[in-house]
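Here's the structure we're looking at; comments come further down.
Quick note: numbers below take in every heavy atom, side chains included, and nothing from hydrogens, waters or symmetry partners.
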Amino acid sequence: SSSSSSSSSARSGALVGSAQHLLKLSAHHLTNNAQAYVEREAVSTLAQTRQTETTSTVDALATRVLSLESQSVATEAYRKNITAELLRIEAKVQDPIHAGDIAWMMTSTALVLMMTIPGLALFYGGMVRVTNVLSTLMQCFSIVCLITVEWMCVGYSLTFSEGGLVYGDYKRFWLVGMNLTHGHPMAPHIPEPLFVAYELMFAIITPALICGAFA
């Protein structure tokens, strides 16, 4: 019976040792599995983080590219507007004649002429005796004809051409070199012939006013 007890104790001890050894192996295996799982999770999390950062960076770059494209389009449109404005200004500088100024100057020229004929002629004609009315009218009309010829021959050139301190030079005698595409420096927005006609009206009415002194 004592040998039986000893053999049972030995078997029990062997079983306990085997169990302990199995527990140690299981614990070691579980530890290795846990470490591997943790490492896989860490790698996965790092990959996801990097992917998220990469996606954010790509989105930021795409937004920046769109912004630069918008700025480029706006800059191109602004450049085209500036170019068009410069071309318009250049065309205006090269051809400064303005239709509105022409229309108004023609109207003003006609109005000033009407101040002399018939305005001033009838005004002075009403201030004299009946026998002198026709004479007064003809004096005003003669002044219009005479000053017109004199103005085209020498008057305009001596008055408005560039010359000395007192009067101009002979460059515009008989209106030489004048055309409809250029204006006088004093009136660059209208053709020079129209400027000549406008100033002629005042050259006409000035001596016509003197008629009232001896009519």
Side-chain angles (χ1 to χ4, degrees), residues 76-215:
E76 183 66 19
Y78 180 74
R79 186 188 65 79
K80 290 181 179 180
N81 291 335
I82 292 297
T83 302
E85 185 67 17
L86 289 176
L87 291 176
R88 187 185 66 81
I89 294 175
E90 183 179 359
K92 188 174 181 180
V93 170
Q94 294 178 354
D95 186 18
I97 304 302
H98 193 274
D101 293 340
I102 294 175
W104 174 245
M105 290 301 294
M106 292 178 65
T107 304
S108 300
T109 301
L111 291 175
V112 178
L113 178 62
M114 290 174 63
M115 291 172 60
T116 305
I117 298 177
L120 197 61
L122 295 177
F123 175 71
Y124 284 153
M127 296 177 62
V128 299
R129 291 177 297 179
V130 177
T131 55
N132 295 330
V133 172
L134 183 60
S135 174
T136 303
L137 295 177
M138 289 306 299
Q139 287 176 15
C140 292
F141 183 77
S142 299
I143 287 174
V144 172
C145 298
L146 179 63
I147 297 301
T148 299
V149 176
E150 182 273 334
W151 186 256
M152 290 191 301
C153 292
V154 298
Y156 174 77
S157 183
L158 294 178
T159 305
F160 289 100
S161 294
E162 297 180 358
L165 298 177
V166 180
Y167 54 85
D169 53 24
Y170 56 86
K171 294 180 180 178
R172 284 290 188 262
F173 279 7
W174 291 99
L175 306 183
V176 174
M178 194 172 298
N179 53 60
L180 296 175
T181 59
H182 294 85
H184 191 273
M186 295 180 62
H189 300 300
I190 61 174
E192 191 172 3
L194 179 57
F195 179 72
V196 173
Y198 179 72
E199 296 297 337
L200 170 62
M201 299 303 104
F202 293 95
I204 288 173
I205 198 172
T206 301
L209 291 171
I210 304 175
C211 292
F214 56 83

Side-chain contact, heavy-atom cut-off 4.5 Å: [X] with [Y]?
{"X": "Met178", "Y": "Phe195", "answer": "no"}
{"X": "Phe173", "Y": "Leu158", "answer": "yes"}
{"X": "Leu111", "Y": "Met115", "answer": "no"}
{"X": "Thr116", "Y": "Phe202", "answer": "no"}
{"X": "Ile205", "Y": "Leu113", "answer": "no"}
{"X": "Thr181", "Y": "Ile97", "answer": "no"}

How far apart are the closest heavy atoms of [X] and [Y], and which atoms are they?
{"X": "Thr136", "Y": "Ala121", "value": "CG2-O, 4.3 Å"}
{"X": "Leu194", "Y": "Ile102", "value": "CD2-O, 3.7 Å"}
{"X": "His98", "Y": "Gly100", "value": "ND1-N, 3.1 Å"}
{"X": "Thr109", "Y": "Ala197", "value": "CG2-O, 3.9 Å"}
{"X": "Cys211", "Y": "Ile143", "value": "SG-CD1, 3.3 Å"}
{"X": "Asp169", "Y": "Ser157", "value": "O-OG, 2.5 Å"}

> What residues form a side chain to side chain contact (heavy atoms under 4.5 Å, CB included) with Thr131, not counting sequence neighbours?
Replying inline: Arg129
> Counting only N and O atoms by type, is there a donor-acceptor contact under 3.5 Å from the side chain of Tyr170 to the main-chain atoms of Val154?
Replying inline: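 Answer holds: no.
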> Should the pair His184 and Phe160 be assigned to parallel (<30°), tilted (30 to 60°) or perpendicular (>60°) ring geometry?
Replying inline: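 Perpendicular.
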[atom1]/[X] to [atom2]/[Y] distance, rounded to the nearest 0.5 angstrom?
{"X": "Leu209", "Y": "Leu120", "atom1": "CG", "atom2": "CG", "result": "5.5 Å"}
{"X": "Ile204", "Y": "Cys140", "atom1": "CD1", "atom2": "SG", "result": "11.0 Å"}
{"X": "Met201", "Y": "Ile117", "atom1": "CE", "atom2": "CD1", "result": "9.5 Å"}
{"X": "Glu76", "Y": "Asn81", "atom1": "CD", "atom2": "CG", "result": "10.0 Å"}

>> Looking at Glu162, I want to see if its CD is surrounded by more than 12 non-hydrogen atoms of other residues, nucleotides or ligands under 6.0 Å.
In response: no
> Where do Val196 and Trp151 land on the side chain to side chain contact (heavy atoms under 4.5 Å, CB included) test, with the steps shown first?
Replying inline: CA-CA 9 Å; Val196 173; Trp151 186 256; 3.5 Å; yes
> Could you walk me through whether Leu137 and Leu122 pass the side chain to side chain contact (heavy atoms under 4.5 Å, CB included) check?
Replying inline: CA-CA 7 Å; Leu137 295 177; Leu122 295 177; 4.2 Å; yes
